[in-house]
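Below is one structure, written out as structure tokens, with a few remarks after it.
Proteins come first, then strands; the chains are lettered A, B, ... in the order of their sequence lines, and each starts at number 1.
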Amino acid sequence: MPQAAPAIAPGEKPQHVYLVDGSGYIFRAFHALPPLTRPDGTPVGAVLGFTNMLMKLLDETDADHIAVIFDAARRNFRNEIYADYKGHRPEPPPELIPQFGLIHEATRAFNVPAIQMEGFEADDLIATYAEQAVAAGADVTIVSSDKDLMQLVNDKVRMFDPMKNRPIGAAEVMEKFGVTPDKVVDVQALAGDSIDNVPGVPGIGVKTAAELINTYGDLDTLLAKAGEIKQPKRRDNLIQNADKARISRDLVCLKRDVPVDVPLADFVRRKLDLTVLLDFLKTNEFRTTINRVQSRHGKSLAAQNLEAAPGKAPDVVTSPNLVTTNPAAVTAATTFAAPAAVDAVSVPFDPANYQLVQDIESLQLWVEAAMQAGQVVVDTETTSLQTQRADLVGISMALEPGRACYIPLGHGSGGDLLDAGEKPQQIPMDVALKTLKPLLEDPAVLKIGQNIKYDLCIFSTQGIKVAPVDDTMLISYVLEGGAHGHGMDELSELHLGHKPIAYSEVTGTGKAQITFDKVPLDKALAYAAEDADVTLRLHRLLKPRLLQEHLLTVYESIERPLIPAIAQMECVGVKIDAPELQRLSADFAGRMAELEREIRELAGIDFNIGSPKQLGEVLFDHLKLPGGKKGKTGAYATGADVLEELATTSGHPVPKKVLDWRQLSKLKSTYTDALQNEINPKTGRVHTSFALAATTTGRLSSSEPNLQNIPIRTEEGRKIRRAFIAEKGMKLLSVDYSQIELRLAAEMADIPALQEAFRKGEDIHALTASQVFGIPIEGMDPMVRRRAKAINFGIIYGISAFGLSQQLGIPQGEAKAYIEAYFKRYPGIREYMERTKDFARKHGYVTTLFGRRCYMPGIADKNPARRAFMERAAINAPLQGTAADIIKRAMARLPDALDRAGLKARMLLQVHDELLFEVPEAEVEATAALVKQVMEDAPKPAREISVPLIAETGVGNNWAEAH
DNA sequence: TTTCTCACG
DNA sequence: GACGTACGTGAGAAAC
């Protein structure tokens, strides 16, 4: 904060003079800083950057004299020397123009003189005042990064780059021009400058110019001795363009004797008027800056009514609650009108516009700009794609197409282990997160991400509950689910025609792959900022389409509220009894070894039982068992169905033993062994990842590990569920929908008889059997009921005679007769199927009860088999998809519902029609009742279903017992 | 990298 | 009369 007391009185001798290049700052800030507008639409990004820079400067400097110098008119004495000087310079962008005046105002608000003079550039005024200051015995600091000012550097005059926050001395000048500061003009005269339209000598750049000047001493000597130069082209160029070089020198050489009318003595530091300053900050709504002024000067000032909410230090969170608690604010943020989508495609991708944020001031600017904008793209870079193992490495943000930044936080010294290079300059992690937290948690600022669930998890481990959020991946999924994938690279190529830098391009692949913290900052910036940029553009393109295409409700009521719920589930994870898995692995291994021994003995040959190819050859060639069909690849089919058939028809013991071996092998490798490795050492639990945009129907999928296919159907497999346990004092609660898809079929195909049966709670499979086969329900043969059950399932799958015959092991003709009988009894089902297929053919998609679209590319395929396949998928998708919508609605509501009821249960897993919870023992009954209620009421209020939905509960110490 | 097989709903 | 099948997933091991 600026110190109030001036060091000396006017007229006293200056010790240290600060000359701030105001004009140069505007141009540089415009490209490097986030775009920011005042509520009235005035662009103020550069103004805020300047304000904060000046404040910091005044706070930290020991200067006793200070002034900000500006350019006056565009034409000046240099145009008399060379008419085209700066002739190529385009008009400043319109957003820049109002900021010139505002920066003057800002300067005055700090009670610092703003100097400009007709006919002279700021650089000449700076040169003149620097000369005067040195003559008066003072040190001079020029605040600018303009290379044209570097000629002024000497042991009394140095520069300071306010954008990069670093001093520029003789060493930096040498780095840039290859010569000492006093020779800079000579180099510039030779090399020229295309931006300022300084001609220079053709064919000579900075490198060659420096070499020549260092050899000959100065420009005049060089031009005089130009004939000595060996390279013919260079020699001729120098001789012919000697005049141009001299003119160029006059152009770049700064005038040090401008007849200035404000004396240096007037630059003496004056007292800060806080009222004036706060008034200015308030007018421009620089909230964070106001907060900083106030926190430094107390709250006794005029602006104290302005909201001031500095972020609290992050709490350490072990049980993150990611659920938003301010629905009103969320709505406000998400209904924020999306700006025109045109820019998203028309603005070119330019990595040069991405800013590397390495100091807190720049970060403050981005935070401020994001708060003003009301929405911001946020993307995290980490050391691992698995959230639970990932450490935060950096954060990127984007505010407008082409305007993005990357904030490195956890970058190391580089890939080479032997290279003990120093760490790059970064804002300390805790400082950056403390600065970002109020933004990320601000209910009025929408945080946009691509698969933002991932970033939510990362931030939650840092104690930051990001809300509200939007997800471009999910928006795309809602718009075009089933039509294509929804990864960022794919969406970028599809919608933006731009192929982003691949992750593997910056990290490498395979053995040489490095983690992101080892990626050099320039590469990290180009990659990470581009990701944020792409995400922002996708959001601008896709978000408005939700409303236009009547899919906003699906997104808002199903997908978006699910994000925090799923993130929470993944973070919590499920407890696994590792010793139990260990025991099972050992048990399975022993029994497999025994089976292997028996199989080899019975077959009389040693072979790899796990190899389908070898197994087929052993069974059908070596043992000459009957049958043996080769598939398209020429290998014998050895699937479970084939082996079962073989076991009964041939009577040979090997097929059965192979089946047993296979089961154990599967259970061991896929479950008992693999799950142990998935236990997170930090939490002692297994954290799956639920994919929200992976399936064509709207279902979730689970991976790494897949916890949606844990065995249950066989007794051996069921043992694995015993290893899924609850924490001490807790129980596992499983609640699943009973026959939800069949109920939905009755509802959506509108079959009154089936609806009635569900309302009465009748045995639906027995009813089907009695209706189709004309058999009374009383005393029904279980086999008959089993066939009816298979038919009912077949309906859901888009029944075919072949499929049903396979399932039941009956001739295809018989299956066909069953289907005919079923359709005759329930003609509505056939009509529904035909209707659905027609709709799919006409629109290319089908819809669920809640309006979700499931695209069916290939529904009109010329290949009849593929077409039939898509038709069956089209019949299944509305049923499977509606069931998915319903359980998603329940899941989105449950965390809040449990919270409001004061229950501590945590949702752990979703398995399509089942939810698994970990519940304190004392709350089991209340939780079960609540969950059941929420699940059964999930369609409301959007849909009223005439068939009752029933959710059944089960409780136990492990998942096997709970089911 | 693709295919086969099999675990779940 | 083709075509080759039940719908939707993910993972491990073998084969390519």
Side-chain angles (χ1 to χ4, degrees), chain A residues 482 607-616 631-643 658-659 661-675 677-678 688-691 694-714 716-718 720-721 736-742 745 790-808 812 815 819 836 846 854 856 861-881 883-884 887 909-915 959 963:
Chain A
F607 71 105
N608 181 358
I609 303 170
S611 158
K613 194 181 161 204
Q614 291 181 39
L615 176 65
K632 47 191 163 188
T633 51
Y636 288 112
T638 64
D641 50 339
V642 176
L643 295 185
V658 170
L659 280 168
W661 182 90
R662 274 213 184 139
Q663 183 187 22
L664 295 175
S665 165
K666 174 79 174 181
L667 295 177
K668 182 171 184 290
S669 68
T670 311
Y671 300 104
T672 55
D673 288 352
L675 273 176
N677 299 326
E678 296 285 354
T688 184
S689 169
F690 286 103
T695 70
T696 52
T697 57
R699 271 191 180 178
L700 303 180
S701 82
S702 154
S703 62
E704 292 177 318
N706 183 354
L707 294 185
Q708 288 182 322
N709 70 345
I710 302 304
I712 191 169
R713 290 172 186 172
T714 67
E716 287 301 329
R718 208 176 250 268
I720 289 162
R721 294 214 172 200
D736 69 307
Y737 285 110
S738 163
Q739 302 180 92
I740 185 167
E741 291 184 17
L742 207 49
I791 297 174
N792 280 334
F793 269 100
I795 298 302
I796 295 165
Y797 295 150
I799 202 158
S800 76
F802 180 88
L804 186 62
S805 72
Q806 287 289 298
Q807 183 65 31
L808 289 174
Q812 212 169 316
I819 295 168
T836 307
V846 291
C854 308
M856 297 282 147
D861 200 300
K862 271 184 282 182
N863 180 322
R866 277 204 287 271
R867 189 170 60 246
F869 185 79
M870 290 314 295
E871 284 174 353
R872 288 195 296 272
I875 290 165
N876 172 256
L879 301 170
Q880 194 183 107
I887 197 168
L909 296 175
Q910 186 248 47
V911 193
H912 309 308
D913 65 357
E914 171 193 2
L915 293 175
W959 201 1
H963 215 279

| Quiz item: Arg866(A) side-chain donor-acceptor pair to dG4(C) base, under 3.5 Å |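 Per atom types, no contact qualifies.
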| Do Arg713(A) side-chain and dG9(B) base share a donor-acceptor contact under 3.5 Å? |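 Pair found.
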Tell me which nucleotide among [options] gets nearest to the side chain of [X].
X: Tyr671(A); options: dA7(B), dC3(C), dG8(C); result: dA7(B)
X: Arg662(A); options: dC3(C), dC8(B), dC6(B); result: dC6(B)
X: Thr633(A); options: dA6(C), dC4(B), dC8(B); result: dC4(B)
X: Ser701(A); options: dG9(B), dA11(C), dT9(C); result: dT9(C)
X: Arg872(A); options: dG8(C), dC8(B), dT5(C); result: dT5(C)
X: Thr697(A); options: dC8(B), dA6(C), dG8(C); result: dG8(C)
X: Gln880(A); options: dG9(B), dC8(B), dC4(B); result: dG9(B)
X: His912(A); options: dA2(C), dT5(C), dG8(C); result: dG8(C)
X: Pro864(A); options: dT5(C), dC7(C), dA2(C); result: dA2(C)

| query | For Phe690(A), does its backbone N or O pair with a side-chain atom of Ser702(A) as donor and acceptor, under 3.5 Å? | reply |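 Side chain of Ser702(A) to backbone of Phe690(A): no pair is present.
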| task | Taking only the side-chain nitrogens and oxygens of Thr696(A), find out if one of them lies under 4.0 Å from OP1 or OP2 of dT9(C). | result |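 Yes, because at least one side-chain N or O of Thr696(A) sits under 4.0 Å from OP1 or OP2 of dT9(C).
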| task | With sequence neighbours excluded, give me every salt bridge (charged side-chain N to carboxylate O under 4.0 Å, His left out) pair touching residues 697-714 of chain A. | result |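 Salt bridge (charged side-chain N to carboxylate O under 4.0 Å, His left out) check on residues 697-714 of chain A returns Arg699(A)-Glu741(A).
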Could you pull out the protein-nucleic contacts involving nucleotides 12-15 of chain C (nitrogen or oxygen on both sides, under 3.5 Å)?
from    : atom 1 : to        : atom 2 : distance (Å)
dA14(C) : OP1    : Asn608(A) : ND2    : 3.3
dA14(C) : O3'    : Ser611(A) : OG     : 3.4
dA15(C) : OP1    : Ser611(A) : OG     : 2.3

Rounded distance (Å) that lies between atom [atom2] of [N] and atom [atom1] of [X]:
X: Ile609(A); N: dC6(B); atom1: CD1; atom2: P; result: 14 Å
X: Asn863(A); N: dA2(C); atom1: CG; atom2: P; result: 14 Å
X: Trp959(A); N: dG9(B); atom1: CH2; atom2: C1'; result: 11 Å

| said: Only pairs with both distances under 3.5 Å count, Watson-Crick or wobble alike; so what is the partner of dA7(B) in this structure? | reply: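 Its partner is dT9(C) (Watson-Crick or G-U wobble, both distances under 3.5 Å).
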| query | Does Met856(A) or Pro705(A) map to a spot on DNA chain C nearer the 5' end, using the closest nucleotide for each? | reply |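 The residue whose closest nucleotide sits nearer the 5' end is Met856(A).
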